[in-house]
Structures are given as structure tokens and as C-alpha cells.
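Notes to accompany the following structure.
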Amino acid sequence: MNRRTTRFFFSHNENRSRMSELPKTYEPTSAQARWIQHWESKGYCNADPNPDRAPHTIMIPLPNVTGALHMGHCLNGTIQDLLTRWRRMQGCEALWMPGTDHAGIATQAVVERRMLEEEGLTRHDIGRDALVERIWAWKDQYEGRILNQLKQIGASCDWRRVRFTLDDVCSSAVRRTFFKMFRDGLIYRGKRLVNWDTHLQTAVADDEVFSEDVDGHFWTFNYPVVDDDGSATGQVIRFSTTRPETMLGDSAVCVHPTDERYTDLIGKQVLIPVNGRRIPIIADALLADKELGTGAVKVTPAHDPNDYACGLRNGLEMINILNSDGTINEEGGEFAGMDRKDARRAIVSKMEELGHYEGVEDRKIPVKHSDRSKTEIEPYLSDQWFVKMDTLAQSAMDAVDDKRVRIFPQRYTKTYMDWLGEKRDWCISRQLWWGHRIPVWGRTLPVEPPPDGEYQDATELIADQVAELLREDQENSLTEAEVNEAISALAVGTGVPGETRFLVCVDGGHEEIEAKLNYLGFEQDPDVLDTWFSSALWPHATLGWPDLQHNPPLVGDPAPSGEKNEVLDYFYPGSVLVTSRDIITLWVARMVLTGLYNMGDVPFKHVYIHPKILDGLGQTMSKSKGNGVDPLELIDKYGTDAVRFTISSLAGETQDVRLPVGYECPHCEAVTAQTKKHQDMKPMGGDTPSIKCAKCKKSFQFPSPWFTPDEGAAVARIVSERFDYGRNFCNKLWNASRFAFMNLEGYTPGTVSMDDLQMEDRWVLSRLATTAREVTTQLERYHFDQATRTVREFTWNEFCDWYLEMVKPRLRDEAMRPLAQRVLVYVIDNLLRLLHPFAPFITEELWHMLNQLATVRGLFETSEASESVMVAPWPEVSEQLVDAELESRFERLQQIIVAVRNVRALYKISPKEPLKLFMRCSPEVAAQMQAVADQFDNLSKTMLAAAGLEVDRPGASANFSMGDADGYIPLEGLIDTAAERERQEKKKQELIGHITGAEKKLGNENFVSKAPENVVNDVRETLAGLKAQLESVERIIEELS
RNA sequence: GGACCUAUAGCUCAGUUGGCUAGAGCGCCACGUUGACAUCGUGGAGGUCACUGGUUCAAGUCCAGUUAGGUCCACCA
């Protein structure tokens, strides 16, 4: 590879051999490693309470420790880091709190699956403690990997504060919250129909369930109607079902109250032939639908959500017919012990045998599956723990209503409100081993259960009973003070109404009481908490709540410090939460309600919901589609800054962004766009599919969910060419800086006065000031896409394309150089600061180089630059540098230069060929043109031969018209007059079109009278300009004739 | 069934409270390696703003409907 390098000079330090040559392209890998290490050693990422600064707090949406980070995390992390770096530069004490989530069922499932695959062991083989130990080992491995990935994307988290939802700090928050809620009567235990995963033997949340159509059957049976004494009346009720085995748990047959076919049967009974039970015929308008099937439906309250609701409404018996592993329990009589699928077949046969079978049809049936085990879900009645949501949900709705929490983009407040508005109680127990164990101990006590509705009294009554038991504890003989202290850490309640089982909740940090309870025969609840219970506490738990006396411990310094928790005090509430829309309900809403409940304040003021990354076909990315892009591979290929820059250019207010992916040829690196065909390719005739590279014609295989590439085959990796955008930008910035650095020989710091500045200096300063202001407002509004575009356009299209080109001659001129250098240094200095949040590594690399060449810098006042751009101040907007009049004059200069270049291209005149330019224009314009004549020469190798009112068209010249100026470029021997006239005629027609439009507008009475004055004036001005241009064109045409 | 989002150049997207002679990057065509950059420069071609109505002096932008795609929620005996 031809890597040319360029020498450049360092005047005030000979000892710079490392930097004496700067490569032509930015090489990200070494820079990244160096600066990650540097920032960490300097402690720039650390944040501590500081009364002189405003806090800015971001809590990371804790990634699951199930696996590596993907593109979504990459986008999420990039934005948080961008905000954190920006606010830090603005002078905030900016905390970005890192950490990970134990992710309960997801992590346990991954570890169990691997254990089964690799060793053939289930969790029951090794037991609770051993399994949990294995999961911890997994967690340590993946947590490290995730944190490292975050560092690779440049995350400036305060790594001393890393938290994990199962660590001591978070655990004590979980314990206290549960205890408080239990004591306040917000947590209760009840029988509920849950989604039961018979494989993992746990309840699965609604959102962890997906529905999939499977081939099934739709049977029709009948139940005979019977008299009070049980004898058949001869009538039958026909009904259909996809799950005949649930007959064993039927407690009614339901019809619509107005269904005339059945009105006379309502209140009578039917017999379930397979077990001989008699059940009533009831009427329920919500459950039965006259139009569907036979209009009658069997009701199985314990095994169907709708039937459950119907059961509650009608006081039906809830008969659970399943064991937790999906086999039929003793309620099933002769079918007990059978798997539910076997029972289904057996029952169908029996019904047929007994003559109650009516028919069957094949049908696609939507069946709920567990996200985790991919097995079919059974609706199952089981004992679970719940949080009452009514008041909590209301508080979280109020917080958004009165704007204590604001959601960006605003439309997502609807998602949040709608979900909370349902106020469905939150099932928080999971039958797992990995997680926060429910801190409740239970035992059947020899006392009368308190009557329902007298909860307060009952609590006291049972607390006395427990205290008594503690006093009677001979072996540990507690003093009365100890007993009282222990009782204060207890909350007592009853379980399900009607049971004589008493439940004692113990606050965290009271292991001695737990021990006593165990001794007294209490047993701790085996379930663990829903993982969202602990992540709901994340914003305050990570800051050390409920310990208000000490600052939370730091990594490597586990002792809590101080006399007051200043960290919590200072950093709570957070500033902004950056997350994706799919967890607005699961996580965001719950954080708000627990924050209000525990802290009395919202957890964050803003929520920014970022877009979701889809592939080129509009599908979500996932391993199972074979369209996932690995952020680390992208970083390896394009560099972190390039990835971040492209990512931020995508993040605005849209819901989704598309990232078309492709296969990178392992031979030549050319990218083949991925299509649906590739995604669906399967091995044919035993051959692994391969793709032929269009560029090098060699074949390669590719990753796929359907097959594994052959051993030793050349395999493409999945990339996206959209990251060229960021990489090219970094390269541009690198080379512009490189050019500047090569021209800083002899740089001297010093102030300048406005009068000393050239037009291009004042222009670039004006544009820089505007850019800084725009970027700042765009970031304030979370419009990262716009901010990226703004900063890119300034850098490339203004600074590089125009300013650098214009300043080149002055940098070669001994006398003019010092001032030009100061402006150049000033602009680069500001530009690097403006770009740092977007592209931290390259800006830091360049900043340090700049520091070696020009430590002291500034225009109207000078000062020594910060050691690192990361802690340099965010560019201040100096409005007095913005000069609109100058910008519009500059624009005319640009237009003329473009017009000249246009003529060159049209007539195929080499850029080296010098041209003459004649301008017919007003004396003012002429004077302005004369003042910048050097730039015509510099930028378009054109000499301004004459300018003024008296200028005539030289013969045989190319022409352009600009409204307030006619331009002529003599091209003896090159001009084809006819073609030139045709070109001008075309231009004329275009102008006439626009003029007609404008005149029509102004001729419209309604427009002139109703449109705002400034709009009308704008049109008048535009029209005048168009007319002037038309005149100019017509003049030229005349001259050409 | 309910809610939300999207539809603008071959591709990916901008287009702020309606004022448009509709823009950018990539790709394409032509020319070009003069000491920052070929990951580049200069110039160019390319669009009935999904469709149908409506509101308005004025609609890519607002409203209603249609079509297509996406996402979430609910439901499917």
C-alpha cells in the first residue's frame, strides 16, 4: 500500500521525531487505545459532587449480561457519550453511570442451555447454589466484555461507579423497596393466571411471550344437559375447542344472555362426560359471542385468560389441572400424570368413545410461546407476588402530565400514558434461581387469621406473635431491645385470604433476624423478583439509596465514605435518560414510579427515545435473520469516530433508521448488498451457498441463521457501506488539520484586531460562530442528525473547500503568515472542540498535535489551551462575529467563481489555463470585486481584467449573468457562438418560467392582501432579481447575435 | 381490532411555526493527481414530493380518505 507521508516542521521543539511525519490517512486503532488509557489515567471521566458546577447525570440503560453489545447498544451508547462529553465541556460535572443488568430469566436460560448442550446437565442436577455460582461466573465474563465494548466506542463513563443489579448496593435498594411496599400494603400475594413456561418452570411476563401460528385442530364436542338429580334430559350443548384437555378443569358452560337457542337452558347443568362432574350453564355477554361457532363456550377459569375473567365475574370454581411441568395433576383423575399433549389425545378418544364427539377440522392456531425457551406457554393458575399499581401508576402519569418528566420526541408520551393508564398490577415474582430472592419468610402459625379488611390490626397482631416467638427463642436469648429492633425491621402480613400462613418481610441488612426466622421454622420464599424490579430502581439505587449516611462505594474502594450521601444528593435526579421505545413501559414508566415512591422526586427530567436500527429491507436486525452488524467489527474496519459520526447522523426524531447491510468480500473487501434472497438461502444438494464477488469474481460464503459456513472456507463479514460517510469525514478533518499543521512553522500567539482581518477570515469566523450556535441548539433538542450535518457542512463545505483554499497564498507569504496562522489556529481549535463529542479520538489526537505547535491561542484574547480537548470548554458563541452583510458579499464571490469554473468545464478548458474576466456591474460591486481580485486568481486562475458600468462584452466570450453583474470570459477560438446562444436561450426560458410564476402571484389580489407583508416583499425582491438576470441574459443574447 | 411511525433523486435521508426557483451523502457521467486529502477536487445529469379529495392567497409541509411498508398493544372459545 502506498502510504505517502509529508514532512512538516516544528519550530519550537526539535524533540518531536514521533510527530515529524504525519500519515496521509488517520489510523484509528492506535489512537483509540492510547486515548482510552490516557483519559482513564487522568480521571477525566470521573464525576464527584462539586458545588461550583451544575450536575449532569445520565444513567446507562443497563445492558443484559447475556451477551455482547449490538448495533442498538452502539447507537444508544454513542448518544449518551455525545451528551456527556458535550455537557462536560460546557462546564457540568457530567456523570455517566455505567453498569449491567443480571437480566434474570434471560441469563439463567443462556447458562442452562449451555450446560445442557455441553454437559447434559439440568439445573435440578446441580442444585440452586451451584447453578447460581455458574451464572456468576458467566456474568463476570460478559460484564467485562460489555464494559470493554463500551470503552471501545469511547464511552466516558465514570468507571469507578460501575454497578450491577445484584451487587450489594443495588441489592439493599431492592430489599428496602420491597420492604416499604410490603409494609405499605402495595405488595400482595395472590393466585393469578400467568403465562407458564413448562420447560423453564416459571411464570413468564406478557412481554416475554410471542405468538406464533401452529398447525392444530379445532374439535367440536357436546356436553349432555342433566337434571338436578343428574339424569340426562336428552338435550346437549355443542361447543368447539382447540384444547380438549382443559375439559378436566371446566367449571361452566357459557352462552350469551340473549341467545335464543339457549335461553331456556341457562341455570341448568351439564355433565362433563370424561370425569362425570356437573357444571352450570351460565350467561355472560362478555365471554360468549352469538355469532361465533355454536354460540356456546366451555369455561376453564384456571387455564384461559378470558375464562379466568369470566370465572371471577361469576364466582366460578378455579380448577387447576396441571402440574408445574405441564403434566396433568390429580384433578385429572384417570388422566393424571399424562403430559398435556397426551391427555389431549386421550380425552378426544374418550369423548368419541362416549359418543360426544362431533367432528374436527384442521386449523392454524395462534399459540403463545415463551421468548426464552421457545416452548408453548400454558395459562396457569399459580401463587405470585404483585405490586398494586393504582396510586403508583397515577403518580408516574402525573409526573409526565405536569412536565416534571419530558419525553422527546413528544409523541411517545402517549405510549407511556396509555400503558400506565391501564394500571394493571405488576406480577413481580419469577420461579427462577438467578435474581433477588423475595425477602419474605412464611410459616403457618397457630393463631386465628385476621379477618379480611382489617389489615392494620392484623399486622400488629401478627407482629406480636412473631415478637413472642423471638422472645421464646431460648438458644439465642434476645434482650427486649433486640426484639424491638428486630420487629422494626419486620413487616408482617397474611398470604392469600383464607390461609393461615403468615408472611414476614425482613428489611435488608438483618441477617441475624433471617437466621432466627429460619430457626423458628420460617422458610424463605423460593421465588426471585422480576428483573425489572431491580432495574426500576436503577437511577437512585446506583447512587447508594437507601443509605443516606454514606457515599456509595467505588470500585477498588468498597468502604462507604463520608457522613452524608452527597453523591445521591448531588446527582439525583438525572438529567436525561437515553433509551429505545420498546422499553418505555417496562422500564421508563417503572423507574418514574419507583423514583417518586422512594425518593419523592422523578428519576430524570428528560427522556430521549432514539430510533431503532433496521436493515436495508426494513427489518429489525437479529442473529436469526442474519443481518446483524457487529459494532466491534465496524470499529475495526472504519474506526470508532467514523462509526460514531455516522450513527449520530442517523439519530433524530424518526422512529426507525435503515442501515442496508452487505457482505464484505474476504478476498478484495468489495461489498455485496444483502438481499432477501441471501437471507433465505439454504444449502441445496448439500452445497453451502456462496456469493460471487462482482469485483474480483471470486466466491465466498457468508454467515447465516440457516447453516454454518464450511470449515476453512473464505467467509464474508457483514458490514454497512454507510459508515464510509463517517470515515471519509474523519479523513477530511485529518487532512485539513494536517495541512494546517504543516503551515504553522513560525507560529506566534498574539491578539488581532478586527481591522487586520481579511474578508475570508471574517467570513469563516462568522460562519464558525453561527455553526457553534446551531450545533448547541440542535443538541439541546436532541436533534443529533441535524447537529452532525451542521458541523460536517461547516468543516467540509466552508472551512476546507473555501477558507483553506483562500488562505493558502497568505500562508506562503512571509508578511501575511503570522495573522493567517492565528486565525487558522483559532478556527481549528474551535472546530476540534465542536467535533469532540461526535468524534472523541481523532479530535484528541489532533488537539495534542496542535498543542505542540501552538500552545497559546486565541484571537481577541489569548490563553493556554487545555491539556485535553475533552476538558476544554465548549465553543462560546460570539454573536458579534456574525456578519450577514459580509456573508452575502462572500456568497457573490463564490457564485462568480463557480460560474467561471462552470465555463471551464463547459468548454473543456484546463484549470491551468489562465482566463480573463470582464464584469459589467455597478461601481460598488466593482469595488468589492477589485478588493478580492486575488481570490479570482487563486481559486479559478482568472484575472479580473475590468469591472464597472462601462465594460463592454469582448468578442467571442463565454457569458454568465447574476442579476447585479454580467460576466464575460474571452475565449478566442473556442467559442461556438450558436451553441453559446442556445445555452443562454435555455437559461432565458428558465428565468421566464420563474418570472411568470412570481408575477402571477403578485397579480393575485388575494395574495397581496392576505399574505404577510414580508412574504410579499420577498416575492417582489425575488422577482426583481429574476428580472435583472433576465435582462442580463437578454443583453448577452443580443450581443451574441 | 386499537395506537404510533414511514412513503421526496437509482439508494439512504434532510426539508423547523405552510412562503420552494425542492437539497445532501452515496451511486452515475465528464474532466482532473498544482505540495492537505483519489477515503480527494471541479462540473454535470437525475424528482408529477405514494395516490385521491379538502382547507388556504399559497401545500412536499396542514386535514380526511386510499394504498404500501414498519412497530407496539389488545384479541383470536
Side-chain angles (χ1 to χ4, degrees), chain A residues 6-8 22 24-26 206-207 211 218 239-243 246 254 287-289 292-294 296-300 304-307 365-366 409 411-412 414-415 418-419 422 581-582 584-585 611-612 614 616-620 638 642 649-650 652 654-660 673 721-722 724-725 727-743 781 783 785-786 789 792-793 797 800-801 804-805 808 898 901-906 908-912 940-941 990-991 993-995 997-998 1001 1004-1012 1014-1016 1018-1019 1022 1026:
Chain A
T6 305
R7 272 198 80 76
F8 71 101
L22 199 51
K24 275 180 83 162
T25 50
Y26 167 58
D206 286 344
D207 36 79
S211 181
F218 190 63
F239 60 89
S240 299
T241 178
T242 57
R243 297 191 300 159
T246 58
C254 176
L287 185 69
D289 183 337
L292 280 175
T294 64
V297 52
K298 64 189 209 61
V299 188
T300 323
D304 181 276
N306 291 318
D307 294 5
I365 299 164
R411 69 183 118 93
Y412 290 115
K414 193 168 159 48
T415 310
D418 288 354
W419 185 80
E422 290 182 24
R581 71 188 126 89
D582 43 356
I584 292 173
T585 53
K612 184 171 185 173
L614 308 176
L617 308 168
Q619 313 175 99
T620 48
Y638 298 97
S649 80
L650 301 172
T654 56
Q655 182 163 280
D656 308 309
V657 293
R658 285 187 187 207
L659 199 65
E721 281 183 314
R722 293 196 68 181
D724 286 348
Y725 179 82
R727 190 205 33 197
N728 294 357
F729 178 77
C730 289
N731 186 248
K732 192 70 182 175
L733 175 69
W734 179 259
N735 277 293
S737 306
R738 177 168 167 261
F739 167 76
F741 297 165
M742 287 190 302
N743 283 283
R781 294 174 187 163
H783 291 175
D785 52 348
Q786 288 179 6
R789 224 175 303 126
R792 179 187 186 277
E793 274 167 17
N797 306 115
C800 291
D801 287 354
L804 285 185
E805 292 307 323
K808 275 178 181 172
V898 168
R901 287 173 179 165
N902 202 325
V903 168
R904 277 189 194 276
L906 200 65
K908 308 228 184 302
I909 303 164
S910 152
K912 290 172 197 156
S940 59
K941 194 91 173 144
E990 242 172 65
L991 284 166
H994 296 317
I995 286 171
K1001 249 187 195 177
N1004 182 340
E1005 267 306 311
N1006 282 325
F1007 174 67
V1008 180
S1009 58
K1010 290 188 181 170
N1014 64 316
V1015 172
V1016 178
D1018 281 355
V1019 176
T1022 309
L1026 288 167

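Here the structure is a predicted model, which is why all the values come from computation and not from measurement.
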Atom [atom1] of [X] and atom [atom2] of [N]: how far apart are they, to the nearest Å?
| X | N | atom1 | atom2 | value |
| --- | --- | --- | --- | --- |
| A:Arg904 | B:G44 | CZ | C1' | 17 Å |
| A:Tyr725 | B:U12 | OH | P | 16 Å |
| A:Lys1010 | B:C57 | NZ | P | 4 Å |
| A:Glu721 | B:C11 | CD | P | 15 Å |
| A:Ile909 | B:U34 | CD1 | C1' | 18 Å |
| A:Arg781 | B:U16 | CZ | P | 13 Å |
| A:Gln655 | B:U12 | CD | P | 17 Å |
| A:Asn1004 | B:G19 | CG | C1' | 14 Å |

Q | A:Lys732 (side chain) and B:C37 (base): donor-acceptor pair under 3.5 Å | A | yes
Q.
Quick check: any donor-acceptor pair below 3.5 Å linking the side-chain of A:Glu805 to the base of B:A36?
A. yes
For [X] and [Y], which heavy atoms make the closest approach, and how far apart are they?
| X | Y | value |
| --- | --- | --- |
| A:Lys941 | A:Arg904 | O-NH2, 3.1 Å |
| A:Ser240 | A:Phe218 | CB-CZ, 3.4 Å |
| A:Pro660 | A:Arg722 | CD-CD, 3.5 Å |
| A:Thr585 | A:Thr415 | CG2-O, 4.2 Å |
| A:Ala736 | A:Leu804 | CB-CD1, 3.8 Å |
| A:Leu650 | A:Val657 | O-CG1, 3.3 Å |

Under 4.0 Å, heavy atoms only, any strand: does [X] hit a base, just the sugar-phosphate, or nothing?
| X | result |
| --- | --- |
| A:Cys800 | base |
| A:Lys414 | sugar-phosphate |
| A:Thr1022 | base |
| A:Leu659 | nothing |
| A:Arg411 | sugar-phosphate |
| A:Pro305 | nothing |
| A:Thr654 | sugar-phosphate |
| A:Arg581 | sugar-phosphate |
| A:Val1008 | nothing |

If you measure from the [atom1] atom in [N] to the same atom in [M], how many Å do you get, rounded?
| N | M | atom1 | answer |
| --- | --- | --- | --- |
| B:G15 | B:G19 | P | 13 Å |
| B:C5 | B:A9 | C1' | 23 Å |
| B:G46 | B:A38 | P | 31 Å |
| B:C40 | B:C26 | C1' | 15 Å |
| B:U56 | B:G18 | C1' | 9 Å |
| B:A22 | B:U48 | C1' | 13 Å |
| B:C51 | B:G10 | P | 14 Å |
| B:G60 | B:C49 | P | 7 Å |

[X] has a side chain; which of [options] sits nearest to it?
| X | options | result |
| --- | --- | --- |
| A:Arg722 | B:U12, B:U21, B:G43 | B:U12 |
| A:Ala736 | B:A30, B:A36, B:G70 | B:A36 |
| A:Glu422 | B:U39, B:G44, B:C73 | B:C73 |
| A:Arg792 | B:G25, B:A14, B:A30 | B:G25 |
| A:Asp801 | B:G41, B:U12, B:A14 | B:G41 |
| A:Arg738 | B:U21, B:C37, B:G70 | B:C37 |

Just N and O in the side chain of [X]: are any of them under 4.0 Å from OP1 or OP2 of [N]?
| X | N | value |
| --- | --- | --- |
| A:Lys941 | B:U34 | no |
| A:Lys24 | B:A38 | yes |
| A:Asn728 | B:C40 | yes |
| A:Gln619 | B:G69 | no |

Q) With both distances under 3.5 angstrom, what nucleotide forms a Watson-Crick or G-U wobble pair with B:G65? A) B:C51
Q.
Please name the nucleotide paired to B:G43 by Watson-Crick or G-U wobble geometry with both distances under 3.5 Å, or report none.
A.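 Its partner is B:C29.
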Q) Salt-bridged, A:Asp304 to A:Lys298, with N to O below 4.0 Å? A) no
Q: Name the residue closer to the 5' end of RNA chain B, choosing between A:Gln786 and A:Arg901 according to the nucleotide with the nearest heavy atom.
A: A:Gln786
Q | First encountered from the 5' end of RNA chain B, between A:Asn735 and A:Trp419 | A |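 Its nucleotide being nearer the 5' end, the pick is A:Asn735.
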Q.
On the six-membered ring of A:Tyr26, is A:Lys732 placed so that its NZ or CZ lies under 6.0 angstrom from the centre and within 45° of the ring axis?
A. no
